[in-house]
Each structure stands twice: as structure tokens, then as C-alpha cells.
Number of protein chains: 2
Amino acid sequence: MAELPDRCARCAVRDEALCASLHDDELSALNDMARRRTVTKGEVVAWAGDRSTICANIVSGVLKLATSMPDGREQIVGLLFAGDFLGDPFAEDVSLTATALSDADLCIYPRSGFERILEGHPKLERMLLRRTIDSLEEARGRMLTLGRRSAGEKVAGFLLDMSAKVSAGRGPGADGGFDLPISRGQIADVLGLTIETVSRQMTALKTAAIVKLAGRSVVILDRQALAARAGGG
Amino acid sequence: MAELPDRCARCAVRDEALCASLHDDELSALNDMARRRTVTKGEVVAWAGDRSTICANIVSGVLKLATSMPDGREQIVGLLFAGDFLGDPFAEDVSLTATALSDADLCIYPRSGFERILEGHPKLERMLLRRTIDSLEEARGRMLTLGRRSAGEKVAGFLLDMSAKVSAGRGPGADGGFDLPISRGQIADVLGLTIETVSRQMTALKTAAIVKLAGRSVVILDRQALAARAGGG
DNA sequence: CGCTGGCTTGAGGGGCATCAAAGACCGTGG
DNA sequence: CCACGGTCTTTGATGCCCCTCAAGCCAGCG
């Protein structure tokens with residue numbers, strides 16, 4: 001029986017990433033072909049249209065998945081945080097450009113090798129299926145936001161989402177403030193708005209004393225009012 | 001070895017639906033718990049929020065998957081055609097309301113049973129994973145449309161999509177017209193527009209002699225111009 | 001200190017929603 | 001046969017929400 005690789009034993013996302021579905025001794029096969037890589041803020045990890053050669057787990061940092069149009073309009077279709085999985089094991093080509101929004105650590109596998117491992121590890125495949133289903137559900141929820149919500153509803157909902165995401169990684173009780181992981185401009189690209197509209201909506205929330213804002217730091221003062229502005233659904 | 005169930009042998013989507021991943025003799029286990037059901041236009045197959053009890057293959061007809069807001073705003077997040085799969089084998093609750101947009105035939109499985117079969121049939125699970133990945137990619141493509149495209153681009157793109165979908169089921173060469181599977185109002189709910197805007201954009205395309213329109217029938221007269229209006233991306 | 005990137009604020013216009021009404025299509029029943 | 005109601009669609013008039021363009025503010029950093 002192989003030993004738990006040291007790199008994995010000390011991995012910050014050992015129990016959170018896809019690999020959590022593998023026993024310690026199963027991990028070695030994956031680990032044998034993995035390599036760690038640190039990417040810097042702004043660096044593109046994968047270009048849409050390129051050959052797909054890798055999959056990866058996010059160990060730390062934030063990445064965006066985005067599509068864009070020839071004239072430059074961009075839509076962020078997903079944000080990836082620590083523990084999230086990047087890449088499509090079956091696709092020949094990359095469909096979405098993945099860019100680091102902060103410095104980030106990745107645990108990278110060659111795609112072909114990952115696909116091979118998938119064959120022999122049904123638990124890993126099951127985990128991947130569940131995660132893909134979750135991503136699909138999230139994407140569909142965002143479709144409602146993009147298609148039917150007003151700018152005010154979008155921004156209020158986004159703040160609630162981010163609040164939920166950080167408090168999930170922090171255990172219950174910690175209902176203080178948090179820092180937005182991305183800039184105003186990127187929020188605009190998530191919500192299908194312009195940076196000016198995002199900014200105006202945020203100052204409106206600040207003026208209404210619903211949130212306290214300073215740069216990227218956020219404190220929700222009146223969660224109920226914020227939820228009301230998000231509109232439910 | 002079990003015999004290929006007669007119902008499956010004559011099934012219109014035998015080679016197209018998820019079951020295509022199963023050998024004839026593996027099909028019996030699935031078939032044993034399946035039942036056919038015909039639903040009529042307008043009938044709701046599954047309500048968001050209800051307990052999830054079924055999965056199904058669409059044998060014929062068109063369904064919509066939609067989310068909505070308390071005030072009634074609706075967003076269609078997916079259209080299901082013959083061969084498509086409906087339901088989430090793992091979810092306890094239904095997340096999206098599924099409604100028949102035409103009379104439709106379904107091949108329905110109890111969710112719990114389907115989940116059990118999944119355990120023993122890796123090829124079936126692999127097929128489901130691939131389809132889920134495809135759905136995710138489609139959803140993300142629509143996010144670009146919803147967030148960043150103009151009304152004119154949305155409608156032009158939609159017509160191209162529908163054209164591609166019907167010609168896919170028809171073999172190559174058949175580049176004539178086709179019928180839209182859904183109403184103007186439903187197109188609006190897919191694209192995040194109002195019915196009036198959809199109508200106006202379509203008459204604009206007709207006036208420009210790019211398409212010929214009569215009710216739901218569509219003939220694309222100038223595919224290049226239509227693609228130009230869709231904006232690429 | 002000037003430069004750069006991110007954020008805010010203002011003024012103005014356009015795209016799409018909203019409101020309103022009339023036309024097209026269709027099955028139903030008189 | 002045709003009047004009738006229902007649903008879907010088209011077309012018009014109006015207004016608002018958000019984009020666009022433009023300027024200025026702030027913090028970090030060479």
C-alpha cells in the first residue's frame with residue numbers, strides 16, 4: 001500500500017477538493033502525475049480554443065472562467081475558489097478562458113492521465129459528476145439573474161452570495177464583514193452590467209445604510225433589507 | 001441473459017437517449033422499473049421545490065426547464081427534446097419546474113431506482129457525466145447571451161441555434177426551412193426579453209429579407225447576414 | 001512626485017420594457 | 001356557414017433603466 005504523499009497530507013484542500021473521494025492509498029496514482037504551480041494575478045491558465053491538456057484543483061486563490069465576444073464584451077460564467085476543480089477531462093479543446101484573479105496555487109494533472117485515473121476510480125467519477133451537477137445548477141441560477149433581474153437586484157444578490165460563500169468557509173457564527181474577492185469591474189462581468197452601474201448600486205446600498213463599504217471590505221448591516229432588494233426567487 | 005424488451009426495441013430514441021450506453025441485455029433492469037407516460041401541452045411534469053421522485057427520458061415532444069421569481073418573472077434555462085434526460089438522480093428536491101410545451105411522451109424511472117442502477121453501470125454513469133458537462137457548457141454559453149448580447153443578437157442567434165438543432169436531427173443537406181418548437185413568448189423567456197421585443201426583432205429580420213417568417217415556420221434566406229447579426233463569439 | 005489601476009460621480013442618450021390596442025389564427029358551437 | 005371567444009402575434013406610443021462618455025478622486029508604487 002502506497003503511503004500518503006507528503007504533499008497531499010499537508011494540502012490545504014485535502015478534504016475539500018475532488019481528491020477527498022479517494023483513500024490515502026489511492027491518492028498516490030493521482031499524485032504521481034500531479035505538479036504544483038503558482039500563478040500570479042492576471043495570468044491566463046487556459047485559453048478558450050486551445051488544446052485542452054490539463055485539469056487542476058485550486059489550492060488557493062481565485063480564478064475566473066469567462067467567455068467573450070470578438071468585440072471584447074466579456075461574461076464571467078464562473079468563479080473558482082480553493083477546493084474547486086478546473087477543466088473538462090473529456091473535452092479536446094478548452095471552451096472557457098481561465099484567468100487568475102489573484103495569485104493562486106494549483107495542483108495540476110495532465111488531462112489524459114486524469115481521464116485514465118477516472119476509469120479506475122468510480123468514487124472519483126461520482127464526485128466529479130456531483131460537482132458538475134452543482135455547477136450546472138449554479139449556472140442556471142445565474143441565468144435567472146442575468147435574464148430577469150434588475151441591476152439593483154443583481155448587486156444585492158451578489159453581495160449575499162459572496163457573504164454566504166465566505167461564511168461557509170469560516171464556520172457558523174462569524175457574521176461579521178468580509179472582503180470581496182474580485183474588483184467592481186469583474187463583478188460587472190459576472191452580473192452582465194457595467195462597472196459604473198455596479199458602483200452606483202453599491203453606493204445606493206451604502207447610502208441606505210444596508211451595507212458598510214470601504215474598498216473591497218463589506219459589512220452587511222441589514223441582511224433582511226438586502227435580501228428584500230435581491231428580490232428572492 | 002434477458003431479452004431486449006419490446007418497448008425498448010421499438011423506442012424512437014433507443015440510440016440517442018442515455019440508454020444507448022447500455023447493451024440490449026443490460027436494458028432490462030432499467031426497463032423493469034420504467035413506465036411510459038404521455039403528457040399534454042402545458043402540463044407540469046415536476047414542480048421546483050417538490051420532492052424529487054423521478055427521472056425520465058424524453059421520447060418525443062418538447063419540455064422547458066424554468067426558474068421564476070416570486071413576482072412571476074420567469075427564465076427558461078433549458079429546452080428538452082427527444083433523447084434528452086430530465087431530472088437529477090441525486091437531488092432530494094426538484095430545483096427547476098419542468099413543463100411540457102407540446103404533447104410529449106416520457107419514459108419515466110423512479111429516482112431512487114435509477115440511482116441504484118447507476119451504481120452498477122459505469123457506462124451509464126459516464127454517459128450521464130458527459131451529458132451533464134454538455135449541459136453545463138450550453139448553460140454557460142447562454143450566460144454570455146443573457147448578460148452581454150443585444151436583443152437583435154439574441155434573436156438572430158436563437159434562430160441559428162434552432163436551425164442547427166433541427167438540421168442535426170435530419171441529416172446533412174436539408175437546408176430548407178424549419179418550424180420553431182416554441183412560441184414567441186417562450187422565446188422571450190429563453191432570451192431574457194419581452195414578447196414584444198422578440199416580435200419586433202423578428203419582423204426586422206423579415207423586413208431585411210434575411211429570413212422568411214410565417215407563424216412558427218422559418219426559412220433562413222441569408223445565413224451569413226443572420227450570423228453577422230448574431231455577433232459571433 | 002507622477003504614473004497607473006481601480007473607483008466614484010455626473011450628464012445625456014438609447015435600447016428595451018411597459019402600456020395599449022388591433023390583427024391573425026383556430027377550434028367551438030350556434 | 002359564420003359568429004364567437006381564446007390565444008398568440010404584431011404594431012404603436014411613451015418612458016425608464018442602464019449604457020456611454022467624460023471627468024475627477026484615491027491609493028499604491030516606481
Please report the end-to-end axis angle for the helix from dC1(C)-dG30(D) to dC26(C)-dG5(D), five pairs per end, rounded to 10 degrees.
30°
Lys NZ or Arg CZ of R130(B) over F90(A) ring: under 6.0 Å, within 45°:
yes
Please check: side-chain N/O of R111(B) versus main-chain N/O of S52(B), any donor-acceptor pairing under 3.5 Å?
yes
Please check: side-chain N/O of E153(A) versus main-chain N/O of S150(A), any donor-acceptor pairing under 3.5 Å?
yes
For the student: nearest non-hydrogen atoms of V166(B) and F178(B), plus distance:
CG2-CB, 3.5 Å
By side chain to side chain donor-acceptor pair (under 3.5 Å), T203(A) pairs with (sequence neighbours left out) none
Tell me which residues in residues 63-73 of chain A put a heavy atom below 4.0 Å from DNA chain C, sorted by number, or none.
none
What pairs of nitrogen or oxygen atoms, one from the protein and one from nucleotides 7-16 of chain D, lie under 3.5 Å apart?
from, atom 1, to, atom 2, distance (Å)
dT9(D), OP1, R184(B), N, 3.2
dT9(D), OP2, R184(B), N, 3.1
dT10(D), OP1, R184(B), NH2, 3.3
dT10(D), OP2, R184(B), NE, 3.1
dT10(D), OP2, S199(B), OG, 2.7
dT10(D), O5', S199(B), OG, 3.2
dG12(D), N7, R200(B), NH1, 2.8
dG12(D), O6, R200(B), NH2, 3.3

Please answer whether the main-chain N or O of S95(B) pairs with a side-chain N or O of E137(A) as donor and acceptor at a distance below 3.5 Å.
no
Any side-chain to backbone donor/acceptor pair from T132(B) onto L128(B)? Under 3.5 Å, distance only.
yes
Looking only at atom types and distance, does a side-chain atom of D71(A) sit under 3.5 Å from a main-chain N or O of R73(A), one as donor and one as acceptor?
yes
Begin with the C-alpha distance, continue with both residues' side-chain angles, and end with the deciding distance and a verdict on side-chain hydrogen bond (donor to acceptor under 3.5 Å, both in side chains) for T194(A) and T197(A).
CA-CA 5 Å; T194(A) 61; T197(A) 298; 3.1 Å; yes
Under the side chain to side chain donor-acceptor pair (under 3.5 Å) definition, can you give me all pairs with a residue in residues 182-192 of chain A, not counting sequence neighbours?
S183(A)-Q186(A), D189(A)-R148(B)
First and last nucleotide of DNA chain C touching chain A, 5' to 3', heavy-atom cut-off 4.0 Å?
dC7(C) to dA11(C)
